[in-house]
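Everything below concerns the one structure shown next.
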Number of protein chains: 2
Amino acid sequence: MSLRHGVLGMLTSGPASGYDLLKRFEQSLANVWSATQSQLYGELAKMADESLVEVAAQGPRGRKEYAITQRGRDELQHWMTEVDPDPPRRSAMLLRVFFLNLIPPDQAVAYLRRQADLAAHQHAELAAIGESLRDESDEETFYGRIALEWGLRASTLVQEWAAWAETQVKNATRADT
Amino acid sequence: MSLRHGVLGMLTSGPASGYDLLKRFEQSLANVWSATQSQLYGELAKMADESLVEVAAQGPRGRKEYAITQRGRDELQHWMTEVDPDPPRRSAMLLRVFFLNLIPPDQAVAYLRRQADLAAHQHAELAAIGESLRDESDEETFYGRIALEWGLRASTLVQEWAAWAETQVKNATRADT
DNA sequence: TTAAACATGTAACATGTTACATGATTAG
DNA sequence: CTAATCATGTAACATGTTACATGTTTAA
């Protein structure tokens with residue numbers, strides 16, 4: 001149920017339409033909580049039903065600007081301070097690692113290198129976002145930078161871990177023969 | 001569509017029933033790919049329809065032992081070597097970080113400390129699993145250990161990052177006044 | 001004899017993805 | 001005038017969770 005909290009959080013910086021929200025999810029939240037257009041419109045309707053948001057204004061092309069209500073603020077507050085985040089329960093990358101014994105060691109090594117490469121690319125992308133934030137000063141982006149730092153460290157971790165794993169596989173292979 | 005690949009991977013070490021598979025998912029795969037009983041029975045039925053697995057034997061209490069077929073092995077091989085794993089698209093923990101500006105700095109710090117604590121607990125649990133694997137020798141557990149090492153490093157990362165973030169928040173707060 | 005473990009299956013519901021359908025407004 | 005952007009909505013389908021329903025076998 002975190003999509004709604006993402007929406008509520010976005011609405012704290014001002015009213016927005018479903019369309020606006022989609023852009024914001026794609027831009028700033030893409031790496032943290034993805035959402036599709038379809039999901040957003042559906043969730044906004046449900047949240048309006050439950051009075052967590054309300055239609056504050058209408059615009060051209062049937063545009064509906066939603067604003068967060070007090071109930072919405074309360075719900076967001078509660079979620080922020082009293083609900084522990086669920087840890088991620090699934091990693092497609094690690095699931096494959098579990099079954100790497102099913103392919104020859106050289107292919108396992110290729111898999112690990114590929115993961116390191118993907119992580120390097122991700123690191124570069126995140127670093128670019130960091131660069132683009134260079135001018136923008138604090139307040140608005142402060143915690144965005146904190147989250148960004150997590151991403152930077154996580155992608156470095158994958159690269160280091162994959163390199164370590166590669167040496168493990170090679171040692172084991174040599175010891176085998 | 002990775003549940004089915006998890007099942008296929010499990011079945012490479014021999015035939016198993018839905019019940020067996022559930023235990024194995026709970027024990028060894030819990031941190032990597034979770035699955036419920038309901039999901040497993042449903043997926044096994046679908047996979048049998050598609051000839052990726054077959055009922056190899058029946059046992060007491062209506063027990064059905066499924067075995068992987070050649071088609072299943074081919075599918076698994078393809079997934080392992082030719083399909084890039086999807087990166088995780090959602091982190092409830094980081095989503096909250098994005099909105100930490102909505103709560104007072106001392107509460108934001110409390111949030112970060114809580115995440116560090118949770119990560120420390122997770123690290124301890126994983127270390128215990130590592131200990132329990134101490135006796136068990138290679139082959140079977142080799143790549144499990146590699147995956148475990150990822151978990152250990154990831155939980156350390158969260159602790160270090162949270163500590164760093166805490167200093168950032170404190171510096172910013174002091175500079176503010 | 002009775003509790004725990006074994007064993008399967010399904011219904012209801014929540015969440016998430018892709019594709020389709022429709023139309024208004026703006027900028028070049 | 002016409003392409004891009006703005007804007008909403010829904011249908012179909014896939015995936016995932018919780019709860020219910022049912023019955024057998026084994027071990028204490």
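We name chains A, B, ... by the order of the sequence lines, and we start the count at 1 in each one.
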(message) Heavy atoms within less than 4.0 Å of DNA chain C: which residues of residues 12-19 of chain B have one? Give them sorted by number.
(response) S17(B), G18(B), Y19(B)
(request) Write down the distance between CG (L22(B)) and C1' (dA5(C)), rounded to a whole number of angstrom. (result) 13 Å
(request) With sequence neighbours excluded, give me every salt bridge (Lys or Arg N to Asp or Glu O under 4.0 Å) pair touching residues 162-173 of chain A. (result) R113(A)-E166(A), E166(A)-K170(A)
(message) Does anything in residues 48-60 of chain B form a side chain to side chain donor-acceptor pair (under 3.5 Å)? List the pairs, not counting sequence neighbours.
(response) R4(B)-E50(B)
(message) Using OP1 and OP2 only, check whether a side-chain N or O of K64(A) sits under 4.0 Å from dG9(D).
(response) yes
(message) Between C1' on dT24(D) and CD on Q58(B), what's the gap in Å once rounded to a whole number?
(response) 15 Å
(request) Go along nucleotides 22-28 of chain C 5' to 3' and tag each nucleotide: B for a protein heavy atom under 4.0 Å from its base, S when only backbone or sugar atoms are that close, - otherwise. (result) -BBB---
(message) Once side-chain contact (heavy atoms from CB on, under 4.5 Å) is applied, do any residues pair with A35(B), and if so which ones, sequence neighbours excluded?
(response) L3(B), F25(B), Q39(B), L40(B)
(message) Whole angstroms only, please: what is the CZ-C1' distance between F25(B) and dA7(C)?
(response) 17 Å
(request) Taking the side chain as every heavy atom from C-beta outward, state whether L29(B) and R24(B) have any pair of such atoms under 4.5 Å apart. (result) no
(request) Look at Y41(B) and dT8(C) and indicate whether a side-chain polar atom (N or O) is within less than 4.0 Å of OP1 or OP2. (result) yes
(message) Once side chain to side chain donor-acceptor pair (under 3.5 Å) is applied, what residue pairs with a partner in residues 87-106 of chain B remain, sequence neighbours excluded?
(response) S34(A)-R90(B)
(message) Holding to side-chain contact (heavy atoms from CB on, under 4.5 Å), I want the full list of residues that pass it with Q37(A), two or more places apart in sequence or in another chain.
(response) L22(A), Y41(A)
(request) May I have the distance from L21(B) (atom CG) to dC6(C) (atom P), rounded to whole angstrom? (result) 14 Å
(message) Just the rounded figure in Å: distance from P of dT8(D) to CG of L44(A).
(response) 9 Å
(request) Could you tell me which residues satisfy ring-ring contact (aromatic ring centres under 6.0 Å, His included) with H123(A), sequence neighbours excluded, listed by chain and number? (result) none
(request) With the side chain counted from C-beta on, respond yes when V97(A) and W161(A) share a heavy-atom pair under 4.5 Å apart, and no when they do not. (result) yes
(request) Not counting sequence neighbours, which residues clear ring-ring contact (aromatic ring centres under 6.0 Å, His included) with W33(B)? List them please. (result) none
(request) Go through the structure and list residues passing side-chain contact (heavy atoms from CB on, under 4.5 Å) with E140(B), not counting sequence neighbours. (result) none
Show each protein N/O and nucleotides 15-17 of chain D N/O combination with a separation under 3.5 Å, one pair to a line.
from: dG16(D); atom 1: OP2; to: Q39(B); atom 2: NE2; distance (Å): 2.8
from: dG16(D); atom 1: O5'; to: Q39(B); atom 2: NE2; distance (Å): 3.4
from: dT17(D); atom 1: OP2; to: R90(A); atom 2: NH2; distance (Å): 3.0
from: dT17(D); atom 1: OP2; to: Q39(B); atom 2: OE1; distance (Å): 3.3

(request) Using the closest heavy atom to pick a nucleotide of DNA chain C for each, name whichever of Q37(A) or Y66(B) lands nearer the 5' end. (result) Y66(B)
(message) R63(B): which residues meet the salt bridge (charged side-chain N to carboxylate O under 4.0 Å, His left out) condition with it, sequence neighbours left out?
(response) D20(B), E65(B)
(request) Grab the CZ-P distance between R63(B) and dT8(C) for me, whole Å please. (result) 7 Å
(request) Give the rounded distance in Å between these two atoms: CD of E26(B) and C1' of dC6(C). (result) 13 Å
